[in-house]
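In what follows, chains carry the letters A, B, and so on, assigned in the order in which the sequence lines appear, proteins first and then strands, with residues in each chain numbered from 1. It should be emphasised that the depicted structure is a prediction, and the values quoted were computed from it without experimental measurement.
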Amino acid sequence: MPEIFVLAEHRQGQIRDITYEMLTKAREIAEKANLMLTAVILGKEVKEKAKTLAEYAKKVLVVEDAKLENFNSDAYQKVLVNLMKEYKPTLTLIGHTSYGIELAPRLAAALNMPLATDCIDLALEGDTLTVTRQMYGGKVNVNATLRKAESYMVTVRQAAFTTQKPVTPLNGEIIEKPSLLTEEITTKRFIQYILPPPGGVDITAAEKLVGIGRGIKDQSNIPLIEDFAKTIGAVLACSRPIVDKGWLPNDRQVGSSGKTVKPKLYIALGISGAFQHVLGMKNSDLIIAINKDPNAPIFSFSDYGVVEDLFKIIPSLKNKIYELKGQKA
Amino acid sequence: MDIVVCVKHVPETAEAELKIDASGKGIEKSGLVFYINEWDDYALEEAVRIKEKFGGTVTAITVGAEDSDSTLRKCLARGADKAIRLTDPKFAGSDGYATAKILYSVIKNLHYDLVLTGMQAGDDGYAMVGPILAEMLGIPHTTMAKKIELEAGVAKVNRELEGGLEEQLEIKLPALISVQTGINEPCYVSIMGIRKAMQKEINVMTLADTGLSEADMGETGSWLKIEKLYVPPAEKQTEFLKGTPDEVAAKVAEILKARGFI
């Protein structure tokens, strides 16, 4: 029976959310196209984890090897090339994460298998695979088809799908496979994890956040915004460019490469709303965006929008808040 | 240390208004400002810094139309020694895979210890050219680099994971590394640099120079065929607040009060 592979992503003993998101979407595709849903997990001691995956898949392929203790795309590629040649999955899903970005394109090239990256939706009809992805930082959606092939590979954007546990566990059969790794991988070697410096601010714990983006223009404008944030007891957060410029430390970064936040209030100032940022904040209870670009994608995710230069709004807004509080600015 | 940097000339779209063109498969490019892809800007900077430390050469290479010269000139002004532009009408419509094939056809004949790319391009966002190119060249690779330290025969690379977490890897040279933004602070171009850059030659190559066939590139040589572009549907019904800045500020303050935030 033809099958769908979903590559489980895990780190330090934890299966990452993207795995279940992919398994949820893959289950829908597998049911429609009558495909076997197979989860694949590689690691050092991962049999226990395979039992959890078996609730979501009809089959779980487990490859255990001490050489697979930490993620290493070269080791993964060697193992997966063998597995995929043996099982010939119609479709393989891998997360569009730091791991998937390292692994999938090279694996696809090695297998000469068409790959679509960073997909937010996909559909298999007959032997045609159609995907939805984004261009220009999320300003445009694209429907695309992959070149006709017997096997396809797709990397899936995080949080594109919502995990749904099967009503009754699928009790997938767990099958152990050998890694066939005969020697140490010397081309690429994992050394260590590097933790962010301690003592930073935990933006995920804040009830109110004021997020700043490129529209802030200059580092010298940050105190003005910090001052405003204080008037409502909010914590300052930001999008990636602000961290890249070194204006705020990376523990303030909201988004796919930063933190996912869900505050009661998120005020986005001068944030265009590239998908990487939106992923990290779109589930906030109330979102107010101020941006001078009426077409900024951030507005598609906001409850209230203000199309205006933020520097014209913020000083006045601060005064109004003081007035409502009955205090002097 | 000879370094090849792959760069792309892309439209600045973060603050621009985009319109889908008549074909429905692209955007209207007129009126947009083109510049060096943001991630590639960091890759170029990293290449120049490594050259300053270890010596050697930096070669910037791009697949694109003639107007990509402004991006290559910028690379030369910032410290690249050579520039190669791969231009042919047949290259149009190439996805990341076909682009990697075109780059490979030329880079395989160059001497390099390191190939640097941006981890993705701001226009199509594939994040695939680097690793595919590494597979074709048969050299180790890593992606999303936030720090590169070179030692004898190896590169120690800090990769970005998420939430501030990184992992440190060691890869053997020669290698391909795709860099993430924030790895360094790209410099401004000096007037001296611009003057020098104007005297340098850009080596232009076409399909005939690649040894590839037409079937390897464009839509036929790609994995992905674009069918349709459209504006993403809004996830929320946004209420736009209108008026003078003072009026709008008052409205925002009222909303904050009504919701109990003041």
Does [X], at its [atom1] atom, have more than 12 non-hydrogen atoms belonging to other residues, nucleotides or ligands within less than 6.0 Å?
{"X": "B/Glu28", "atom1": "CD", "answer": "yes"}
{"X": "A/Gln192", "atom1": "CD", "answer": "yes"}
{"X": "B/Lys172", "atom1": "NZ", "answer": "no"}
{"X": "B/Glu151", "atom1": "CD", "answer": "yes"}
{"X": "B/Lys19", "atom1": "NZ", "answer": "no"}
{"X": "B/Lys108", "atom1": "NZ", "answer": "yes"}

Could you tell me which portion of [X] (side chain, backbone, both or neither) has an atom closer than 4.5 angstrom to a non-hydrogen atom of chain A?
{"X": "B/Lys146", "value": "side chain"}
{"X": "B/Met119", "value": "side chain"}
{"X": "B/Ala16", "value": "backbone"}
{"X": "B/Pro11", "value": "side chain"}
{"X": "B/Ile262", "value": "side chain"}
{"X": "B/Val252", "value": "both"}
{"X": "B/Ile255", "value": "side chain"}
{"X": "B/Lys156", "value": "side chain"}
{"X": "B/Leu18", "value": "side chain"}
{"X": "B/Tyr230", "value": "both"}
{"X": "B/Ile226", "value": "both"}
{"X": "B/Thr244", "value": "neither"}
{"X": "B/Lys228", "value": "both"}

*With A/Arg11 as the cation and A/Tyr99 as the aromatic partner, state whether NZ or CZ is under 6.0 Å from the six-membered ring centre and within 45° of the axis.*
yes

Taking side chain as everything from C-beta outward and backbone as N, CA, C, O, which of these in [X] sits under 4.5 Å from a heavy atom of chain B? Side chain, backbone, both or neither.
{"X": "A/Ala108", "result": "both"}
{"X": "A/Ala274", "result": "neither"}
{"X": "A/Thr132", "result": "side chain"}
{"X": "A/Lys264", "result": "both"}
{"X": "A/Gln77", "result": "side chain"}
{"X": "A/Gln158", "result": "neither"}
{"X": "A/Asp251", "result": "neither"}
{"X": "A/Ile313", "result": "both"}
{"X": "A/Arg16", "result": "side chain"}
{"X": "A/Lys312", "result": "both"}
{"X": "A/Ser73", "result": "side chain"}

Can you tell which of [options] has the highest number of heavy-atom pairs within less than 4.5 Å of chain A?
{"options": "B/Val231, B/Ile27, B/Val248, B/Val154", "result": "B/Ile27"}
{"options": "B/Asn158, B/Asp246, B/Thr143", "result": "B/Thr143"}
{"options": "B/Asp123, B/Ile171, B/Ile132, B/Val129", "result": "B/Asp123"}
{"options": "B/Glu219, B/Gln120, B/Arg159, B/Lys242", "result": "B/Arg159"}
{"options": "B/Gly164, B/Ala234, B/Gly130, B/Ala155", "result": "B/Gly164"}
{"options": "B/Leu133, B/Leu229, B/Leu161", "result": "B/Leu161"}

Most chain B-contacting option - heavy-atom pairs closer than 4.5 Å, from [options]:
{"options": "A/Ile101, A/Val307, A/Asp293", "value": "A/Ile101"}
{"options": "A/Leu107, A/Asp303, A/Leu146", "value": "A/Asp303"}
{"options": "A/Thr204, A/Leu115, A/Ile314, A/Asn70", "value": "A/Leu115"}
{"options": "A/Thr186, A/Ile267, A/Ile288, A/Val278", "value": "A/Thr186"}
{"options": "A/Met135, A/Lys139, A/Arg214", "value": "A/Lys139"}
{"options": "A/Thr145, A/Val142, A/Leu129", "value": "A/Thr145"}

Got a donor-acceptor contact below 3.5 angstrom from the [X] side chain to the [Y] backbone?
{"X": "B/Asp40", "Y": "B/Gly118", "result": "yes"}
{"X": "B/Asp216", "Y": "B/Gly221", "result": "no"}
{"X": "A/Arg133", "Y": "B/Asp124", "result": "yes"}
{"X": "A/Gln253", "Y": "A/Asn250", "result": "no"}

*asked:* Under 6.0 Å between ring centres: does that hold for B/Tyr97 and B/Tyr126?
replied: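 Ring-ring flag for B/Tyr97/B/Tyr126: false, centres at least 6.0 Å apart.
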
_Under-4.0 Å salt bridge between B/Arg78 and B/Asp41_ =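 Judged by the 4.0 Å cut-off on N to carboxylate O distance, B/Arg78 and B/Asp41 do form a salt bridge.
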
_Less than 4.0 angstrom from a charged side-chain N to a carboxylate O is my criterion; do B/Glu247 and B/Lys251 meet it?_
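Here B/Glu247 does not pair with B/Lys251 in a salt bridge, since their nearest N and O are not under 4.0 Å apart.
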
*Worked verdict on A/Glu102 versus A/Phe71 for side-chain contact (heavy atoms from CB on, under 4.5 Å)*: CA-CA 10 Å; A/Glu102 181 96 341; A/Phe71 175 80; 4.2 Å; yes

*Only one of B/Leu212, B/Val63, B/Thr99 clears side-chain contact (heavy atoms from CB on, under 4.5 Å) with B/Met217; which?*
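Result for side-chain contact (heavy atoms from CB on, under 4.5 Å) with B/Met217: B/Leu212.
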
*asked:* Side chains of B/Ser222 and B/Asp95: any donor to acceptor distance under 3.5 Å?
replied: yes

*asked:* Pairing donors with acceptors under 3.5 angstrom, does anything connect the side chains of B/Asn184 and B/Glu46?
replied: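 There is such a pair (donor and acceptor under 3.5 Å, judged by atom type) between the side chains of B/Asn184 and B/Glu46.
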
*About how many Å separate CG of A/Leu209 and CD1 of A/Ile232, when rounded to the nearest 0.5 Å?*
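If I round to the nearest 0.5 Å, the distance is 9.5 Å.
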
*Output every pair passing side chain to side chain donor-acceptor pair (under 3.5 Å) with a member in residues 238-248 of chain A, not counting sequence neighbours, ordered by first then second residue.*
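Qualifying pairs: A/Arg240-A/Asp244, A/Arg240-A/Ser257, A/Arg240-B/Glu160, A/Arg240-B/Thr181, A/Asp244-B/Thr181.
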
